[in-house]
Amino acid sequence: MEKLNFNVSDDIFLSHEWLSLLCNNYELIEVQHKDSSLEIALNKRSKLGIPFGSCAPFTPYNSIVRHRHNEMTESVKFNTEIQLFSKLLSLKLKFKSIQLKFSSSTLNFPLVGDKRIISKIAYTEIISSNQPIEKIWNSFSSELRNNILFAQNNSIIQEIKDPSIATSFLMKNIYYQKEGLTETILSNILNKFCPIGQIKIFGAFNKTELISCSAFIFSSNTLYYWLNCNKKDNNIRGSHLALIWKGIQTAITNKCNFNFEGSSKMELVKVFKSFGSQTLIYPNCYVHNNWLIGFLSKFI
């Protein structure tokens, strides 16, 4: 197994290195209660003159609760998290509203709160790190396995070590352009994190032509399926599926969960489910300083 030059348990998405590449202005907030903490990274923005703090773009999460005593009961965790949220609400924040997008379903608190906290349920698909690779492969449908094998036999599947090869190709995905990702931003991110192995890029080649490319990111003992682009013509059946399988193998080899970084598109969820993924429910909270801001935030 290739040695990684970082700790897979690190939260890259709450780091200065990550935020400085994606946000023009950001703020890190931490509140503590006894030996537990709530850490938040906010992308500072303004609409209609109203200051908001949100999760940075192209970032799976911006909030995490850390309980440093592993033997805490669920009841103690629940009460501790209430105290953390209470302390957060007592802060004199510069924002009228902040978004708290959490990294897992381990949070006990978010569906309980007052009028200033609006909690929504979000979904993603994961493959747990405690499964052997062979078991995961055998759980696939015969159609999925055949598609992956076809791609492996008819294309070249390999890691892309040179980020410049992947940058322009990934930016052909129109969705990323519409959401504000630029080639310069992506190039800076890949050049920063690919050399240490924190971002892994895999590509499928038809002879020498790149036809499918996927980027994955390690953070907090999880490998996230981050970016993907597929060439519409001259493609090979199953090439994008073979890249996902490569990402899953990389996650399991490094004892990490694999997170598909969920989608509301049914056709994508169907693909994720075909890999035997489990649905993970996680909280997406919005904290407002008054009910009017909470109402207006639905429209701006």
Side-chain angles (χ1 to χ4, degrees), residues 8-9 11-14 36-43 53-67 70 72-86 88-89 97-131 135-136 139-140 216-226 228 244 247-248 251-252 255-288 294 297-298:
V8 293
S9 65
D11 292 293
I12 177 179
F13 302 121
L14 274 71
S36 297
S37 64
L38 168 60
E39 300 173 21
I40 308 165
L42 294 172
N43 177 27
S54 63
C55 185
F58 296 94
T59 301
Y61 63 88
N62 74 328
S63 306
I64 190 166
V65 170
R66 301 186 194 277
H67 295 297
N70 296 327
M72 292 173 66
T73 65
E74 294 303 305
S75 175
V76 172
K77 288 181 181 179
F78 176 83
N79 290 324
T80 299
E81 288 165 14
I82 288 178
Q83 293 299 320
L84 288 171
F85 271 77
S86 177
L88 175 65
L89 293 171
S97 176
I98 62 174
Q99 178 189 20
L100 309 180
K101 187 176 179 182
F102 288 90
S103 63
S104 72
S105 62
T106 56
L107 192 70
N108 295 271
F109 174 71
L111 297 183
V112 181
D114 60 26
K115 294 179 180 179
R116 291 172 292 176
I117 302 175
I118 297 176
S119 297
K120 299 180 180 179
I121 293 177
Y123 303 88
T124 190
E125 299 295 322
I126 66 165
I127 293 177
S128 176
S129 62
N130 58 16
Q131 299 183 70
K135 182 179 179 181
I136 296 173
S139 71
F140 297 169
F216 307 84
I217 303 181
F218 284 104
S219 184
S220 191
N221 296 314
T222 298
L223 184 64
Y224 287 85
Y225 184 30
W226 189 45
N228 170 258
I244 293 175
I248 294 171
I252 302 302
K255 299 179 180 179
C256 289
N257 296 322
F258 183 85
N259 191 316
F260 284 94
E261 185 44 17
S263 172
S264 59
K265 295 183 179 180
M266 191 59 63
E267 61 271 20
L268 284 179
V269 177
K270 185 177 180 180
V271 171
F272 300 161
K273 277 294 186 185
S274 70
F275 283 88
S277 64
Q278 294 180 320
T279 301
L280 175 71
I281 300 174
Y282 65 94
N284 194 354
C285 303
Y286 294 85
V287 179
H288 310 293
S297 67
K298 298 177 182 179

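Computed from a predicted structure; not experimentally measured. The figures that follow rest on heavy atoms only: side chains count, while hydrogens, waters and symmetry mates do not.
- Contact check for Ser277 versus Phe258: no side-chain heavy atoms found under the 4.5 Å cut-off.
- Every residue was checked against the side chain to side chain contact (heavy atoms under 4.5 Å, CB included) condition with Ser86, not counting sequence neighbours, and none meets it.
- No donor-acceptor pair closer than 3.5 Å links the side chain of Asn257 to the backbone N or O of Thr222.
- Counting all heavy atoms, side chain and backbone alike, Ser220 lies closest to Ile64 at OG-CD1, 4.3 Å.
- When the side chain to side chain donor-acceptor pair (under 3.5 Å) test is applied to Tyr61, the partners found at least two apart in sequence or on another chain are Asp11, Ser219.
- From Arg66, atom CZ reaches atom CG of Leu84 across 12.5 Å, with rounding to the nearest 0.5 Å.
- Between Leu88 and Ile40 there is a side-chain heavy-atom pair separated by less than 4.5 Å.
- With rounding to the nearest 0.5 Å, the separation of CZ in Phe78 from CD in Gln83 is 11.0 Å.
- The two residues Asn62 and Lys101 come nearest to each other via the heavy atoms OD1-N, 2.7 Å.
- Side chain of Trp226 to main chain of Phe58: a donor-acceptor pair is present (N/O by atom type, distance under 3.5 Å, no hydrogens or angles).
- We find the CZ-CG distance between Phe218 and Leu223 to be 4.5 Å, quoted to the nearest 0.5 Å.
- By the side chain to side chain donor-acceptor pair (under 3.5 Å) test, Asn259 is found to be paired with Thr124, residues two or more places apart in sequence or in another chain being considered.
- The NZ atom of Lys255 lies 11.5 Å from the CG atom of Asn221; values are rounded to the nearest 0.5 Å.
- Looking only at side-chain heavy atoms (C-beta outward), Ile244 and Asn228 stay at 4.5 Å or farther from each other.
- Residues meeting the side chain to side chain donor-acceptor pair (under 3.5 Å) test with Ser36, sequence neighbours left out: His67.
- When the ring pair (Phe, Tyr, Trp, His ring centres under 6.0 Å) test is applied to Phe140, the partners found at least two apart in sequence or on another chain are Trp137, Trp245, Phe275.
- Between Phe260 and Tyr225, the angle of the ring planes goes over 60°, which puts this pair in the perpendicular group of the 30/60° scheme.
- Here the straight-line distance linking atom CD1 of Ile126 with atom CG of Leu280 works out to 5.0 Å at 0.5 Å rounding.
- Closest non-hydrogen pair, Asn130 versus Ser128, comes out as OD1-OG, 2.8 Å.
- To the nearest 0.5 Å, the span separating CD1 on Ile118 from SG on Cys285 amounts to 10.0 Å.
- The backbone N or O of Ile136 lies less than 3.5 Å from no partner atom in the side chain of Gln131, so there is not a single donor-acceptor pair.
- The shortest distance between side-chain heavy atoms of Phe85 and Leu100 falls below 4.5 Å.
- Applying the side chain to side chain donor-acceptor pair (under 3.5 Å) rule to Thr279 yields the partners Glu125, Lys273; only residues at least two apart in sequence or on another chain are considered.
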Quick one: do Thr59 and Tyr224 satisfy side-chain contact (heavy atoms from CB on, under 4.5 Å)? Show the steps, please.
-> CA-CA 10 Å; Thr59 301; Tyr224 287 85; over 6 Å; no
